[in-house]
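What follows is a single structure, written as structure tokens, with notes after it.
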There are 2 protein chains.
Amino acid sequence: MKDQKEIIRETNEKKIIQAAEQVFARFGFKGATTEMIARKAGLPKSNLHYYFKTKLQLYRVVLERILIEWMDAAEVFDQYQDPKTALTHYVEAKMQFSRNRPLASKVWANEILHGATVAGDFLRTEFKNWFEDKKQIVENWVQEGRIKPVDPYVLFYMIWSVTQHYADFENQIEILNNDEPYNEDEYQQKTDDVVNMILTSVRV
Amino acid sequence: MKDQKEIIRETNEKKIIQAAEQVFARFGFKGATTEMIARKAGLPKSNLHYYFKTKLQLYRVVLERILIEWMDAAEVFDQYQDPKTALTHYVEAKMQFSRNRPLASKVWANEILHGATVAGDFLRTEFKNWFEDKKQIVENWVQEGRIKPVDPYVLFYMIWSVTQHYADFENQIEILNNDEPYNEDEYQQKTDDVVNMILTSVRV
DNA sequence: GTCTATACGTTGATAGAC
DNA sequence: GTCTATCAACGTATAGAC
């Protein structure tokens, strides 16, 4: 049974983490201030420091949550044996992630861009394992002649970069779209086009 | 004829701009300190402020130079009428840019990621004009049946994101490559693969 | 044009009353 | 668990001697 304090702690931590993600996405780690995060969470700054000792610790928590979401979204890749189906669902999931969680994508992009100092451990362990596994699947597809011969690295980097571009560069995209954000239908259309081009690029 | 002071000014400004690009790429605008930039340029901090009144002004200069380089590298697109040749040279130029100027790419990515507050003007004018022009070329190719029907936006975002990924996410790439940077041959191989996949995706 | 010293604002973090 | 007051550190920018 959760007691009163525990509930308060959980709700406040959640509010802080959500606010932190917004501020980190917009201003980066150094550019974000604990004051901005606290205000967005509706708490005084000292309360934030009560729940998270340091800004770095809060940042770690935010990143960790993003990684978990990222891995969850990637599971869809394993659920289909057919290359076309697996790739279609995977690319669609990535495009949806960019649509629903652009802030998460931006925080991640910012982290890698500036040296992956915090995410480095995760990349070298869990992430690398995940990737080696997927790489093997793609290599099998190639050997079985089910897709055109492609370097798995090049394929995955293409999928990641293209899909994440719709989140990380949304400001640029919006400007080129006459300062209009995509509506649901338009975004679905882009998603279909991206899926189609990637499938075509491996000839499935 | 340039006098002594002018020469000193030019060399020092150049040193500062180059140092600034490195520091902005690594730490972002807010994360970069004028002290770090000055030290890397081999000057006292007050000298930096003598040449560039504010950090923001220095940042603007750095960004502007990057944009000029970017546009220069893009000119290759206009020099060929054949879709296959034009796309090949363009993608190769972009891949070379990521290889030779990863810092420039990162500064740009960081700028867009965090709201394009400084580059917004450029994007809405010069950049948009440039893009509208290229968009028309691609649409013509489609109408003439020389490439598969594709949304020009989706095609360009694919080219930009994939090529820039090799600069902006190089930390992640290096980790997945067992903490080894790509050598020249490997990078050339990736370049060929990227070109090939993009050409295939539009069926030329 | 160069450099030391410094003013001034901002920010991460804490103390201590409630 | 909350909040006001406060501090120490840092970072931008400038003054003024050389």
Side-chain angles (χ1 to χ4, degrees), chain A residues 1-63 107 110-111 114-115 117-118, chain B residues 1-63 107 110-111 114-115 117-118:
Chain A
M1 201 58 193
K2 287 178 188 173
D3 66 2
Q4 192 60 29
K5 288 197 175 179
E6 211 172 332
I7 292 171
I8 292 175
R9 166 167 285 273
E10 282 179 11
T11 36
N12 279 344
E13 284 186 348
K14 195 172 173 184
K15 272 192 281 186
I16 293 169
I17 290 169
Q18 284 175 349
E21 188 182 84
Q22 293 179 50
V23 179
F24 284 136
R26 182 65 182 73
F27 301 100
F29 178 74
K30 199 64 201 275
T33 70
T34 52
E35 215 280 323
M36 291 162 71
I37 297 170
R39 188 168 44 222
K40 208 177 264 284
L43 296 166
K45 186 172 56 155
S46 47
N47 263 26
L48 181 149
H49 280 96
Y50 170 72
Y51 288 107
F52 300 92
K53 206 68 181 154
T54 68
K55 188 168 91 161
L56 181 59
Q57 185 195 326
L58 172 56
Y59 179 67
R60 284 182 200 279
V61 172
V62 169
L63 255 195
V107 171
N110 189 65
E111 164 68 11
H114 297 138
T117 46
V118 173
Chain B
M1 202 54 195
K2 287 179 186 173
D3 67 2
Q4 192 60 30
K5 288 197 173 181
E6 211 171 332
I7 292 170
I8 292 176
R9 168 168 281 275
E10 282 179 12
T11 36
N12 279 344
E13 283 186 349
K14 196 173 173 185
K15 273 192 281 186
I16 293 170
I17 290 169
Q18 283 175 350
E21 187 182 84
Q22 293 179 48
V23 179
F24 284 135
R26 183 64 181 74
F27 300 100
F29 177 74
K30 198 62 202 275
T33 70
T34 52
E35 214 282 322
M36 290 162 71
I37 297 170
R39 189 168 43 221
K40 206 177 265 287
L43 296 166
K45 188 172 53 158
S46 46
N47 262 26
L48 183 149
H49 280 96
Y50 170 71
Y51 289 107
F52 299 92
K53 206 70 182 149
T54 68
K55 187 168 92 163
L56 181 60
Q57 187 196 325
L58 172 55
Y59 179 68
R60 284 183 200 278
V61 172
V62 170
L63 254 195
V107 171
N110 190 65
E111 164 67 12
H114 296 138
T117 47
V118 173

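No hydrogens, no waters, no symmetry mates; every other heavy atom, side chains included, goes into these values. Just so you know, these numbers come straight off a predicted model, no measurement behind them. Here is the naming used below: chain letters follow the sequence lines, and residue numbers restart at 1 for every chain.
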| request: Whole angstrom is fine here: how far is it from NZ in A:Lys55 over to C1' in C:dT10? | output: 12 Å

| query | Does a side-chain N or O from A:Asn47 land closer than 4.0 Å to OP1 or OP2 of D:dT4, or not? | reply | no

| field | Under 4.0 angstrom between A:Thr34 side-chain N/O and C:dG12 OP1 or OP2 | value | yes

| task | Could you check how far OH of A:Tyr50 sits from P of D:dG1, rounded to whole Å? | result | 4 Å

| task | Compare all side-chain heavy atoms of A:Leu58 with those of A:Tyr51 and state whether any distance is below 4.5 angstrom. | result | no

| Closest approach of B:Arg26 to A:His114 (non-hydrogen atoms, all atoms of both residues) | NH1-O, 2.5 Å

| So does B:Lys30 get a side-chain nitrogen or oxygen closer than 4.0 Å to the phosphate oxygens (OP1/OP2) of C:dT11? | yes

| said: Below the 4.0 Å mark, does C:dT14 have OP1 or OP2 next to a side-chain nitrogen or oxygen of A:His49? | reply: no

| message | Quick test of your reading of the model: are A:Arg39 and A:Glu35 salt-bridged, counting only N-O distances below 4.0 Å? | response | yes

| query | On DNA chain C, nearest-nucleotide positions of B:Gly42 versus A:Gly31: which is more 5'? | reply | B:Gly42

| query | Rounded to the nearest Å, what distance is computed from the CZ atom of residue A:Arg39 to the C1' atom of nucleotide D:dT4? | reply | 17 Å

| request: Assign the ring pair B:Tyr59 / B:Phe24 to parallel, tilted or perpendicular, where the plane angle (0 to 90°) is split at 30° and 60°. | output: perpendicular

| request: Measure the distance from CD1 on B:Ile8 to C1' on C:dT2 and round it to the nearest whole Å. | output: 10 Å

| Below 4.0 Å: OP1/OP2 of D:dT2 and any side-chain N or O of A:Tyr51 | yes

| query | Which is true for B:Ala38 with a 4.0 Å heavy-atom rule: it touches a base, it touches only sugar-phosphate, or it touches nothing? | reply | nothing

| task | Rounded off to whole Å, could you give me the CG-to-C1' distance for the B:Leu58 and D:dG11 pair? | result | 15 Å

| message | Once you apply a heavy-atom cut-off of 4.0 Å, does B:Ser46 come out as touching a base, just sugar-phosphate, or nothing? | response | base

| remark: Assert: residue with more 5' nearest nucleotide on DNA chain C, out of B:Lys45 and B:Lys5, is B:Lys5

| Sub-4.5 Å side-chain heavy-atom contact between B:Leu56 and B:Val118 | yes

| note | To the nearest angstrom, the CE-P distance between B:Met36 and D:dG11 comes to 9 Å

| request: To the nearest Å, give me how far apart CD1 (B:Ile37) and P (D:dG11) are. | output: 12 Å

| message | Tell me the interatomic distance from A:Glu6, atom CD, to D:dG1, atom P, rounded to whole angstroms. | response | 9 Å

